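Encoded as structure tokens, the structure appears first; notes follow it.
The structure displayed is predicted, hence computed values, not measured ones.
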Amino acid sequence: MRIGQGYDVHRLVEGRPLFLGGVEIPFEKGLDGHSDADALLHALCDALLGAAAMGDIGRHFPDTDPAYKNIASVTLLEKTWALVEQHCSEIVDHEIITPKIVNIDVTIFAQAPKIAPWADRMKERIAAVLPVLPNRVNIKATTTEGLGPVGRGEGIAAMCVVLLDCQKD
């Protein structure tokens, strides 16, 4: 078993759509970044890479590379899983053992918008990209009670933990 943890935060700005968990959420502001700035999926990518001891999202998909300009974070998640799966796969007793996602646990920190109405769609979107059932993905949200940049509505942050099973059944 391997555990990975990820964290990401992006500033809220006008003129961009808001993506969280691969879902576009109607809101007057979106997250600023080189890609679509989906903080939840970026934290998830970092958690997967951390579980595989492969560094972080910036190492594999640098924001200095024009190939990733405005890329959908769902695509980054697909690419991340392909890297993790390749890196963690091994041959044991003439069988190829590939990593399995045991569970994903995400916390979104946002003063607004409300996340609960979108959480199930986020879980389904993640499960459509990764080899995990929606009931193994947990998404919760909290405010920071008006404290700090998130509490002032300046940005949104996400934290994620992933448990990978890399052993033969």
Mind checking whether I101 and W81 have side chains closer than 4.5 Å, heavy atoms only? yes
Donor-acceptor pair, D165 side chain versus K100 backbone, under 3.5 Å? no
Could you report the tightest heavy-atom contact between M159 and F109, atom names first, then the distance? CE-CZ, 3.6 Å
R136, CZ atom: more than 12 neighbouring heavy atoms under 6.0 Å: no
If you define the side chain from C-beta out and look only at heavy atoms, does anything of I139 sit under 4.5 Å from I104? no
Within a reach of under 6.0 Å around CD of E154, are more than 12 heavy atoms found that belong to other residues, nucleotides or ligands? yes
Can you give me the closest heavy-atom contact between Y7 and A157, atom names plus distance? OH-CB, 3.6 Å
Indicate whether the side chain of D8 and that of H42 have a donor and an acceptor atom separated by less than 3.5 Å. yes
Quick one: pull up CG in D32 and CD in E14 and give me the separation to the nearest 0.5 Å. 12.0 Å
Where L31 and R16 come nearest, the two heavy atoms and their spacing: O-NE, 2.8 Å
Specify the closest pair of heavy atoms between G6 and A47, including all atoms of both residues, with the distance to one decimal. N-CB, 3.7 Å
Donor-acceptor contact below 3.5 Å, side chain H10 vs main chain G30: no
When rounded to the nearest 0.5 angstrom, what is the spacing between CG in D65 and NE2 in H60? 13.5 Å
Value rounded to 0.5 Å, distance of NZ in K123 from CG in N135: 7.5 Å
Is V129 reachable from V106 through a run of hydrophobic residues whose side-chain heavy atoms are each under 4.5 Å from the next? yes
4.5 Å side-chain heavy-atom contact, D56 and R59: yes
Counting only heavy atoms not in R152 (residues, nucleotides, ligands), do more than 12 fall under 6.0 Å from its CZ? yes
Are V150 and W118 joined in one hydrophobic group, where the rule is that I, L, V, M, F, W and Y side chains link up if heavy atoms are under 4.5 Å apart? no
Check: I156 and P113 side chains under 4.5 Å, non-hydrogen atoms: yes
Applying salt bridge (Lys or Arg N to Asp or Glu O under 4.0 Å), run through K140 and D105 and close with a yes or a no. CA-CA 8 Å; K140 55 197 178 293; D105 188 30; 2.6 Å; yes
Is any side-chain heavy atom of L20 less than 4.5 Å from a side-chain heavy atom of R121? no
Could you tell me whether the side chain of V137 reaches within less than 4.5 Å of the side chain of L130, counting heavy atoms only? no
Verify, without hydrogens or angle tests, whether D38 (side chain) and G22 (backbone) share a donor-acceptor contact under 3.5 angstrom. yes
Tell me whether the count of non-hydrogen atoms from other residues, nucleotides or ligands lying under 6.0 Å of CD in E28 goes above 12. yes
Locate the shortest heavy-atom distance separating G55 from L49; write the atom from each residue and the value. O-CB, 3.5 Å
One should read off an interatomic distance between L163 CG and N103 CG, to the nearest 0.5 angstrom, of 5.5 Å
Nearest atoms (heavy-atom pairs only) where L76 meets S35: CD1-CB, 4.3 Å
Can you check whether S73's main-chain N or O pairs, donor with acceptor, with D36's side chain at less than 3.5 Å? yes
Student check: side-chain heavy atoms of I115 and M122 closer than 4.5 Å: yes
Can you find a heavy atom in the side chain of R125 that is under 4.5 Å from one in the side chain of L41? no
